[in-house]
Structures are given as C-alpha cells and as structure tokens.
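Following: one structure in structure tokens, then a few remarks.
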Amino acid sequence: MAPSTLCPRWLRAAQVLVSDPQSGPSRYQPQELEERWQRQWAEQQQWAEQQHRLPEHLASEGEPLEGKPTFYALSMFPYPSGNLHMGHVRNYVITDVIARHARMRGYEVLQPMGWDAFGLPAENAAIERGVDPADWTDQNIASMRLQLQRLGLSIDWDREVTTCHSDYYRWTQWLFLQFLEADLAYQKDATVNWDPIDQTVLANEQVDGAGRSWRSGALVEKRKLRQWFLKITAYADPLLDDLSKLDGWPERVRTMQANWIGRSTGAELTFPVVDGTGNPTGTEITVFTTRPDTIFGATYVVLAPEQSLVPRLTTEEHQLSVEAFCDLVSRQSEQERTAEDKPKLGVPIGAWVRNPANGDILPIWIADYVLADYGTGAVMGVPAHDQRDFIFARQYMLPVRQVIVPEGSDEHAFEGSPWLEAGVMIHSGHFDGLTNVEARDQITAWAEQQGWGRSRVQYRLRDWLISRQRYWGCPIPVIHCQSCGVVPVPQEQLPVELPTGLALAGKGGSPLAQLESWVNVPCPCCGQSARRETDTMDTFMCSSWYYLRYSDAANTTLPFSREQVDRWLPVDQYVGGIEHAILHLLYSRFFTKVLRDRGLLGFDEPFTRLLTQGMVQAITYKNPTTGHYIAPADVADPNDPRDPYSGEVLEMFYEKMSKSKYNGVDPASVIDRFGADTARMFILFKAPPEKDLEWDDADVEGQFRFLQRLWRLVEGARQRGLSVADFTLPDGAMSASEPTVLFAEPSAADRELRRAVHTAIGAISDDLSGDYQFNTAVSELMKLSNAMAEHLAAAQDTTAVEALGTLLLLLAPFAPHLAEDLWHQLGGSGSVHQQSWPQADPSALLRDTIELVIQVKGKVRGSLTVPADADKATLEQLALASDVAAKWLAGQAPSRVIVVPGKLVNLVP
RNA sequence: GGGGGCAUGGCGUAAUUGGUAGCCGCAGCGGACUUAAAAUCCGCAGGCCGUAAGGCUGUGGGGGUUCAAGUCCCCCUGCCCCCA
C-alpha cells in the first residue's frame, strides 16, 4: 500500500506518536482545539440572545420564555490603541467567567463589547505620521477584535458599538441636546492651556511637568475661552445620597466618589465694604465658610484674584501691584495654588470691610490660595483656626486672634500651628463659654436673624467642562447665529458628521474652526448665515452612556428604547480598573439620573455591582546607578540579576507592565504557546481579582500542566468506555434526609469521590456568588482533579461518570474550550455551555466518623476518631476518657469543658 | 495633613468569619521510570531542639479581651492607593 493511500486520521495519529512517543495516542493541542470551538460557537451564534433556543432543562421546569431572568455582565470598553495588553485580558476573562456561570444558572445573558474610539492618540498619530484618524482607529479595532476573539470570550459581537462611528455619535449628540433642553448644558468662560508657538489649545496630558508643550516646548499660557459645561452640580445631592444604595460596590470607590463630591455644610456671611472713615460704601463681600464659629477671629478678608469685585475695589495706589499679582497667579495651576504646604502669596488691594459680628475694620487682600469658582470666591481670614490662613498671616504679619481654646485649658500657645480642634469659645461676645460646635449653629442663626448670613451647603464638585478644541471627538451639535444666538441642530439633521480628510498639523487653533466649508451653515431658525460650534466633546461623554446603547445597539430611531434598556439594565456586574473609580463612574451615574428624569429609562443607578480588578505586573529589572531598565530577556541569571554590560547587581521588583520598562508580556505570545484556556486559568488563579497580579512564566507553565492532566484523566476514562451521554445530575430537590438511590452499595472509593465532587460544587458555586473568588475556585478544581486521580479507578462507573461530568461543568466557565472538547470526547450531547450548573448533594458530604480535636487549655494536644452524630455529652465523655486527657490533665478533673460539636473539645484544668 | 487599605513559609496565596494556621500552586529537595535528559508518577517540606517518639515556637512589633485570636480592641512600625 502506497503511503498516499493511508487513512488521513491514521496518519495524524502516527505523526503524534512519532513526535511524542510517551504521551499516548492523543495530545492536548490547545491552538487547534480552541480555534475549532471558537469557529463553531461563532457559527451557531451561541452568545447571542438565546430566547428562541431555550435549553431543555428550563423548558421542562415550565418556565415561560419571557420570564427567563436577565443578567448583564459588562467590561469597561477599551480604547483601541491597537494592542491588547494583559490588563485587558484580566478584565475580560473575569467578566466572561461571570457571564458563562450566569448562563449555566439559567439566565439570559448579555455580554457585549465595544470601543471607546475618540481621543488624543488617534489625533497624535495623525499629526505625527499623517495618517487619517478614522482609518488608524478602524485598523486598530480590527486587529484588537481578532486578538480579543482568541480569548474565547462569550461576547455577542452583533451588539458591538464604536463611539467614533456616526451611527453611535449621532446619539451622543442627541443626548447632548437632551441636556441642553433640560437646561443642564451651558457656556461660560474657562481657562485652557494655550501653546503660543503652535497657536493651539493643549489637553492637560499634552503639558509636561514643567508646564511646557509636548510638541513645541513652549511655556504654556492660560487663556480664557468660552466653553461648554454640563451642570453636574445640580445632581450633587442625589449622586452623593445614592452612594448608600450601591452596596455591591467596593467601599473605597464609594468613599472616593463621596470625597470628590465633597459636600460641606457652612454659612455665607456678608461683610460690608467701608471707606477710610468706616462708613459703608454700599458694596458687600459675601464669604463662604465651614467655620462660622470663628468669625470673631477674622483679621482680614481675601478675594480670589479673578473675583469680579477686585477691579472695582482696588484703590489707585495698589493698581500696579494687584495687576502684576493677577498676572503671576494666572500662570499657576490649581494644585500649586491650594496645596497646604506651599507658601501662600497675596497683596492688599487698599480697601476695607467691617466684621459684621464685632464691628472690627479688616483689610481686603487677594491671594493665590483662594479660588474664584469655589464658594463665592471670597473667604474670611482666621489665622488662629485655619492652616492656610495661618501660613498667610505669618507671611504678611497679619494679626492672629484666637477665639477657641482647648476645653479646660488656657489659651493655646501659637508656637507653630493654628488650633484646628474643637474647644470652648472666647473673645466672641455673648457666645463665650459655648463649645465651638454649639456656637457654629448659634452664630449662623444670629447672623441670619440680623440679615448678614445664612446657612449654606457647598460642594467641591464643579460643573463638567466638556468642550475640547480638538478634531477627533464628537462634534457639539449647535449653531451660533448672530440674531438667534445658540441654536441646537434639529434632531432630523443629526448626526453632525465629523468632516474627513483634514490635514492635521497640531497648530493654528481648533482644527474644525479652520474648515470654512464645514463651519459656515445657514441658521436652522432664521436661515441667515451662521457658524457651527467647532468644539468637540470630552470622550467621557461617549463613555457615559455606551452601556445603555448595548441594550438596543441596532436602534436607528433612538439611542435605545425604553423597553430594551429597562429589560437589561441596570448592569448586574460591571468589571474594570480602579483608575475609573471617580470620573467615568460619576459621569455615568449622572447621565443615568438625568435620563431617568427625562423619562428615557426607569432606574436610578446604572451599575448594581462593581468589581475593580487589580493591575497586572511583571518582573522589572533596573540598574540602580544608571536608572536604566533592563529587559528580562537580557538578564542571564534571574537569581542573581546583573547588568549585561557593566555586571552591576540589578534591582528587581514587580511593576505594571509597560513598554518603557521592557517588562510587558504580549497576550498573543502566551496564547501561541499555551492557548487561551491556560492564560485564563492562570490569570484567575494567581491572585484574588481585586489584588495586583504578578505575572510569572513558571506559574503559567504550571497551569498548562494542570490542563494536560485533565486531558489525560479524560483519556483514561474514554479507554475505560465511560460516557457522559446520559449523565444527569441529581437535581436540587434531593436532601440529606433522602439520600439518592442512584448509587447503590457505594464502596469507600465511591464515597470519597462523591464527597470530593459535591464539596467542589459547593465551594465553586460559593466562590462565584457574591464576592468573586476565582483564585480559590480554580484551586478547588485542582483539588477535585487530584481526588479523581486518586479514586476514579476504584470507583463504580456511575460514580466515575458523575465525577467526570461534574468536573467538566465546573470547568466550563474557566477553560471553556477544553471543557467543551472533553465534554464531546466523552460523548456529551449539546454544548457543555448549555448545560445547567450542578447542584451539590448534601447527602454526599455526610461522614460516619469525624476527627475530634482535643485541646487542653486552648492548645491542640491530640485527636480522636468519633461518630459524626455523637452529641455534646458523648463528645465530652470520649474526650475525658482519652489518652490525651490522661496525659495532660494528670488525673485532675477539668474546671471547664468547652465542646464545639463536629470540631473540638477544649479541656480547661 | 485628611480618608481608605494591606502586612501569613523561599514566592503567589488559603483559612466555614473567634474554633486544628499554612489548603492549592510555583520554586526546591529525595525517589521511580530512562543509556541519559525532558516529560510523567510517588514522596518530603514554617522555624528550632531531637536518631525517633515527641516537645517548644510561630501569621510585621508591643499590649489587651477570651476556654480559644491570623481573625476582635488599643498603641507602634513599614508599604500601597485616593484626596489635599
């Protein structure tokens, strides 16, 4: 027989035998296997909505089709940089396990994916390399989608959204108009970073630490531009109060949001401006303070340099110094201005106010540490009881007047610090002797009564500046008309398409403003010539509602229908990085509340549960003298890392993967070597999900070995002729009082095996509910596999089949390809991913005897094998009669005996 | 400075929430198989003393509550994150 006539299957087997004679007739080859199943799942659209392909077990339970509960598992969508990194992998694998588990528990699951596709990197690529941002982005999406698909995620790709495509940003614009209509979008002047050489606005990320432009190197200036804001402050209270509803969120994220909103209760107090003789001029300065109790200690008043009263109140002789100071301050960042440890700078403006509490005449200053847009842009200076006022007063020799002293003590000596704690009032008129907490309310009430104050709630949160003077963003859909003012683009004219084919140079002002043909349009109202808004939106606008769009991604008449959005949302489980703990999550919550109030959806909060996964770190080598990073590949001996050139001993630590540190691990290379299932299992096993994860190649290989062991385990079962074809798990109706009859006359091996199987079901189910613990779930899979290796051979077929079938069901969410393949190898019908999640049989966990620990005075001294059902009195008797008791009590009767049934007996002499 | 978190073998981690500390894995050591190596399988493994049986000790340090503390309380040290 000529070789060419050989049966192809035989040939393949022969090749395997030749290449690896020890490993038996078949071999775990993840690359081929994973590609095959991914193709099949895609062909069968297995992850699309399953409403019309209900698994039989649910139909048999008589559950109506419409009544199938929904589960929405969501990953934070990526920016399409072109490269999938390990952080993405960790994020999406976690979400996928949750989604697959929910599906097996009978939920209709939505797991979508999309692209946060507007943003600076595309524009930078355009400026630097002359590529078209749209092409650059689309190519990146195409390649990242392929990389993602290799992970075997159960994503419904039909619902994919891309924020830079007009079928998406059309609705971002539509939603902007909703905000405009609701009076929640407005324009006002705000400062931007201005590059005087390139004549363009820079994003904060484009300004380096020294305040210079990333491109031209010019010192960046602050400029005032008229810009668009969303009135998020109007929702400060609900955004803060509803945090208490989010008990499925990490506590620290809730705390961060609460701090960011920063609600503080205080008072507005009005100081009349007086002339040189102390007579009122008719002008007033209103300050905001959280400490009205300290008003008798005010020794000056400070305005922000930008405050509108400053030009009017400044006297002629101070004109020059005030202008010079305002110019200086305009170059500082907010952080520099308000940091508590920085020196505070200011100048007097020559005007005076009268303290309404005690009539004192106080000088007015301007200072860098007061911000124009917080409170009223004016504060009263109380050096004795405020850190920043104290530093300022020392700097300029302003008087310090103490009005609170520690309880039961003399006046606090001002050695080097103000008194910030609670205490008793002094020098405060008829409030003397009160505690300052009492005085705070009483002084506010007194001021209110006298007409110079009122209590006031103040927020740290500012309105959201959404204008960007950039090209690659969603155009703001309004038209400026000389006679009609700001005119929204009519809905039927949406989308306002971003023009294509621009030559982006990164200089000369806003890119869209330079395109006259695009800018000049007739006014939709009066028809006269008008100009388009040339600002684009902050990309956080696009990402504030994408999770709503997934629910109804193909809708061409609305961003989403109320029916679909209310069916799927709120998101049951959101998974993403902690770096979005504040802005993205806050903006999304804000959007949800506004849209709820507009009647577009029917829930208060978008994300019921939130999981913030930790970073993926990798081993990093650094030369301590040169500060250079060394690639791990260039380190000859990892146990004694040395610089390949100088031979110096290197520093070694784990740090977030990044190109500049040469410590990145490419997901594709891991999948090429070991397959996606190994990568998934490793990343889940190595650390709890919210902790940082240290990448370690040796551990990856260990995970691969585990999957190979499973392969061999099934191989052996097949040779034994076992099949899971008619394997049905006993259902949940079973209880300990009615032991299952499936397993007649179990041997010791049967009992051990069943105990291991049902322990694993219980433990893994537990790890996948509530607080997710994928690391221990994988560890339980390993324990089950170890128990099977030990007991499978001696167990009956029924028990063995139950064990094998259950193992594959439990494995399915974690290593979906291998589980599917082994399921079919063992004759399983249908997809393993369409089976129901197994239920633990309590009767399998029962034991005849247990090990009872004997403690003497809390220390373990030995143990006894006792009947599992022995009562407390019996346990005490057994313990007292034991050799251990005899040895350690030396004949004495214990003064106390503590019995913990099923656990231990503690004898206290 | 304010707020939050963490600290367990050589390493990553686990511990029914007050009940036998160290599960699972990595690295390591010993053995089997092999001409040999790899792979695989079996075994050992917190530290100290001891041939062993066994004992002492041990969850960053100090104190406390309790029959019993990795777990609860107080103080200290170190690291991380957020906001200033």
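To find a chain, count down the sequence lines: A is the first, B the second, and so on, and within it residues start at 1.
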Which nucleotide in B/A84, B/C26, B/G3 has an atom nearest any side-chain atom of A/Arg460: B/A84
Sugar-phosphate, base or nothing in reach of A/Ala698, heavy atoms under 4.0 Å: sugar-phosphate
Note: A/Asp699-A/Lys686 ion pair, threshold 4.0 Å (strictly below): yes
Straight-line distance of A/Asp368 CG to A/Leu345 CG, nearest 0.5 Å: 5.0 Å
Pairwise ring pair (Phe, Tyr, Trp, His ring centres under 6.0 Å) hits with a residue in residues 766-789 of chain A, at least two apart: A/Tyr772-A/Phe774
Contacts table for residues 869-877 of chain A: side-chain donor-acceptor under 3.5 angstrom, sequence neighbours left out:
residue, atom, partner, partner atom, Å
A/Asp871, OD1, A/Thr874, N, 2.9
A/Asp871, OD1, A/Thr874, OG1, 2.3

Spatial distance of atom CG (A/Leu710) from atom CG (A/Leu781) [nearest 0.5 Å]: 8.0 Å
Given B/C26, B/C82, B/G19, the nucleotide with the shortest approach to the side chain of A/Met256: B/C82
Determine all donor-acceptor pairs shorter than 3.5 Å in which one atom belongs to a side chain in residues 574-587 of chain A; sequence neighbours excluded.
residue, atom, partner, partner atom, Å
A/Tyr574, OH, A/Tyr546, OH, 2.6
A/Tyr574, OH, A/His584, NE2, 2.7

Paired and unpaired positions of RNA chain B as dot-bracket, Watson-Crick or G-U wobble under 3.5 Å, | denoting a partner strand: (((((((..(((......[....))).(((((.......))))).((((....))))..(((((..]....)))))))))))).
Over-ring placement of A/Arg460 relative to A/Trp260, 6.0 Å and 45° cut-offs: yes
Strand-adjacent residues in residues 776-783 of chain A, judged by heavy atoms under 4.0 Å from RNA chain B: A/Thr776, A/Ser779, A/Met782, A/Lys783
Return the polar atom pairs (N/O with N/O) between nucleotides 62-67 of chain B and the protein under 3.5 Å, or none.
residue, atom, partner, partner atom, Å
B/C67, OP1, A/Arg896, NH1, 2.8
B/C67, O2', A/Asn906, ND2, 3.2
B/C67, O2, A/Asn906, ND2, 2.5

Test side chain to side chain donor-acceptor pair (under 3.5 Å) applied to A/Glu32 - qualifying residues, sequence neighbours left out: A/Arg36
Interface residues of residues 678-686 of chain A with RNA chain B (non-hydrogen, below 4.0 angstrom): A/Phe685, A/Lys686
Short side-chain N/O contact to B/C26 OP1/OP2 from A/Arg705, under 4.0 Å: yes
Pair listing, side-chain hydrogen bond (donor to acceptor under 3.5 Å, both in side chains) test, anchored in residues 783-792 of chain A, at least two apart: A/Glu780-A/Lys783
Short side-chain N/O contact to B/A14 OP1/OP2 from A/Asn775, under 4.0 Å: yes
Nucleotide nearest A/Val900 when distance is taken to its side chain, options B/G4, B/G19, B/C41: B/G19
Side-chain N or O of A/Gln773 closer than 4.0 Å to phosphate OP1/OP2 of B/A15: yes
Can you name the atoms? Protein N/O to nucleotides 53-56 of chain B N/O, anything below 3.5 Å, with the distance.
residue, atom, partner, partner atom, Å
B/C56, OP2, A/Arg861, NH1, 3.0

Partners passing side chain to side chain donor-acceptor pair (under 3.5 Å) against A/Arg609 (at least two apart in sequence or in another chain): A/Gln573
B/G58, syn or anti by chi within 90 degrees of zero: anti
Residues forming a side-chain contact (heavy atoms from CB on, under 4.5 Å) with A/Met615, sequence neighbours excluded: A/Gln617, A/Lys656, A/Asp692
